[in-house]
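Note that the coordinates shown come from a computational prediction; the quantities given were computed from them, not determined experimentally. Numbers here simply count residues along the sequence, with the first being 1.
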Amino acid sequence: MSWLAMAASGLSLDIRDSPPLRVGALVHRGAHHEIGESFGRLMRILAAGNAVPMTRGMISLHREAPGDVPEADLLSHAGAIWVGPGALPPGLVEITVPPGRVAVCRYRGPYDGLGAVWAQFTPARLAAHRLVRRDAPAFALYLNSPVEVAPADLLTDLCLPVV
């Protein structure tokens, strides 16, 4: 199954098999759109420990969706995908994202548009394609950064675990 059109919104999904991911992360509590502060702290930790070469990109993990719990209680993680068996820098928690199928939507644009795209991953839309959310955190893979490109050119893969 590949590039499923979600007709009502023009959103298209690619169904992929995701490998397990080892993530070094900081806990973030609160609104998802405020996770940038946690990423700033994460980047300072990585730079101080000369750990950036041990990473393969930035990732955010989301345990709950807005509306499932009060905004102040949303649990997320700002993380870096870790390569190799090396120890994580002090202050980071290690999380393993389990392998499995994910519905992926690639978004191009500023980070403040991510919430509207996440909102398109509704149970009804997934069911229309015979997909059901799997019990694992949703995650966003940041394919480039605001340091490299203009906000309009940011690329983010939004990934929802499915069966």
Side-chain angles (χ1 to χ4, degrees), residues 1-43 46 52 55-69 71 74-83 95-163:
M1 203 178 336
S2 182
W3 292 106
L4 302 171
M6 298 181 102
S9 67
L11 180 67
S12 44
L13 295 178
D14 186 13
I15 306 304
R16 301 180 194 163
D17 289 319
S18 178
L21 300 172
R22 182 178 180 219
V23 177
L26 292 175
V27 172
H28 173 77
R29 282 262 182 215
H32 290 165
H33 68 272
E34 295 173 354
I35 200 168
E37 295 171 23
S38 296
F39 273 110
R41 288 192 349 257
L42 173 66
M43 292 307 295
L46 294 175
V52 173
T55 65
R56 189 185 60 181
M58 298 292 113
I59 183 172
S60 60
L61 305 168
H62 305 281
R63 304 291 174 174
E64 302 105 359
D68 289 351
V69 298
E71 188 174 79
L74 287 170
L75 173 62
S76 302
H77 289 86
I81 300 170
W82 210 257
V83 263
I95 299 169
T96 300
V97 177
R101 288 177 67 197
V102 292
V104 180
C105 177
R106 177 155 297 167
Y107 168 74
R108 181 184 191 109
Y111 295 145
D112 63 5
L114 291 172
V117 180
W118 278 121
Q120 300 301 309
F121 282 104
T122 64
R125 288 206 174 139
L126 292 173
H129 298 290
R130 297 186 184 143
L131 299 171
V132 176
R133 181 164 180 181
R134 182 166 45 97
D135 186 21
F139 56 97
L141 299 170
Y142 301 95
L143 306 178
N144 53 18
S145 82
V147 174
E148 302 168 325
V149 301
D153 295 323
L154 290 168
L155 293 174
T156 309
D157 279 351
L158 304 179
C159 304
L160 186 72
V162 295
V163 291

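- A 4.5 Å side-chain heavy-atom check between Val149 and Leu154 finds at least one atom pair inside the cut-off.
- Nearest approach of Ala31 to His28, heavy atoms of both residues: O-NE2, 2.9 Å.
- Between Ile81 atom CD1 and Arg22 atom CZ the span is 12.5 Å, to the nearest 0.5 Å.
- The CG atom of Leu141 lies 9.0 Å from the CZ atom of Arg106; values are rounded to the nearest 0.5 Å.
- The two residues Ala152 and Pro110 have their closest heavy-atom pair at CA-CD, 4.3 Å.
- Contact check on Arg101 versus Asp17 returns no salt bridge, with no Lys/Arg side-chain nitrogen under 4.0 Å from an Asp/Glu carboxylate oxygen.
- Summarising the geometry of Ala138 relative to Pro161, their closest heavy-atom pair is CA-CD, 3.8 Å, with the distance given to 0.1 Å.
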key: Chi angles and distances behind the side chain to side chain contact (heavy atoms under 4.5 Å, CB included) call for Trp118, His32   = CA-CA 11 Å; Trp118 278 121; His32 290 165; 5.7 Å; no
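- Residues Phe121 and Cys105 have side chains in contact (heavy-atom distance under 4.5 Å, counting atoms from C-beta outward).
- When all heavy atoms of Ala78 and Ser38 are compared, the pair lying nearest together is CB-CB, 3.7 Å.
- In this structure, the side chains of Gln120 and Leu158 stay at 4.5 Å or more apart for every pair of heavy atoms.
- No side-chain heavy atom of Phe139 sits less than 4.5 Å from a side-chain heavy atom of Val23.
- Considering only heavy atoms from C-beta on, His77 comes within 4.5 Å of Arg63 through its side chain.
- Between the side chain of Asp157 and the main chain of Leu143, no donor-acceptor pair closer than 3.5 Å is present.
- Remark: Leu75 CG to Leu61 CG distance equals 9.5 Å, nearest 0.5 Å.
- No more than 12 heavy atoms of other residues, nucleotides or ligands sit less than 6.0 Å from atom CD of Glu37.
- The CG atom of Leu131 sits 9.0 Å away from the CG atom of Leu160 when rounded to the nearest 0.5 Å.
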inquiry  = If you apply the rule side chain to side chain contact (heavy atoms under 4.5 Å, CB included), what do you find for Met58 with Leu42, and how did you get there?
reply    = CA-CA 10 Å; Met58 298 292 113; Leu42 173 66; 4.0 Å; yes
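- Between Ala140 and Thr156, the closest heavy-atom pair is CB-CG2, 4.0 Å.
- The 12-atom threshold is exceeded at CG of Asp68, counting heavy atoms of other residues, nucleotides or ligands nearer than 6.0 Å.
- Annotation: side chain of Val162 is not in contact with side chain of Arg134 (no heavy-atom distance under 4.5 Å).
- The side-chain heavy atoms of Leu114 and His33, taken from C-beta on, include no pair separated by under 4.5 Å.
- Counting heavy atoms from C-beta outward, Leu155 and Tyr107 have side chains that stay 4.5 Å or more apart.
- Closest approach of Thr55 and Ala80 over heavy atoms only: CG2-CB, 3.6 Å.
- Ring orientation note: the planes of Tyr142 and Tyr111 are nearly perpendicular, at an angle over 60° on the 30°/60° scale.
- With rounding to the nearest 0.5 Å, the separation of CZ in Arg29 from CD in Glu71 is 13.0 Å.
- The structure places CH2 of Trp82 at 13.5 Å from CD1 of Ile95, a figure rounded to the nearest 0.5 Å.
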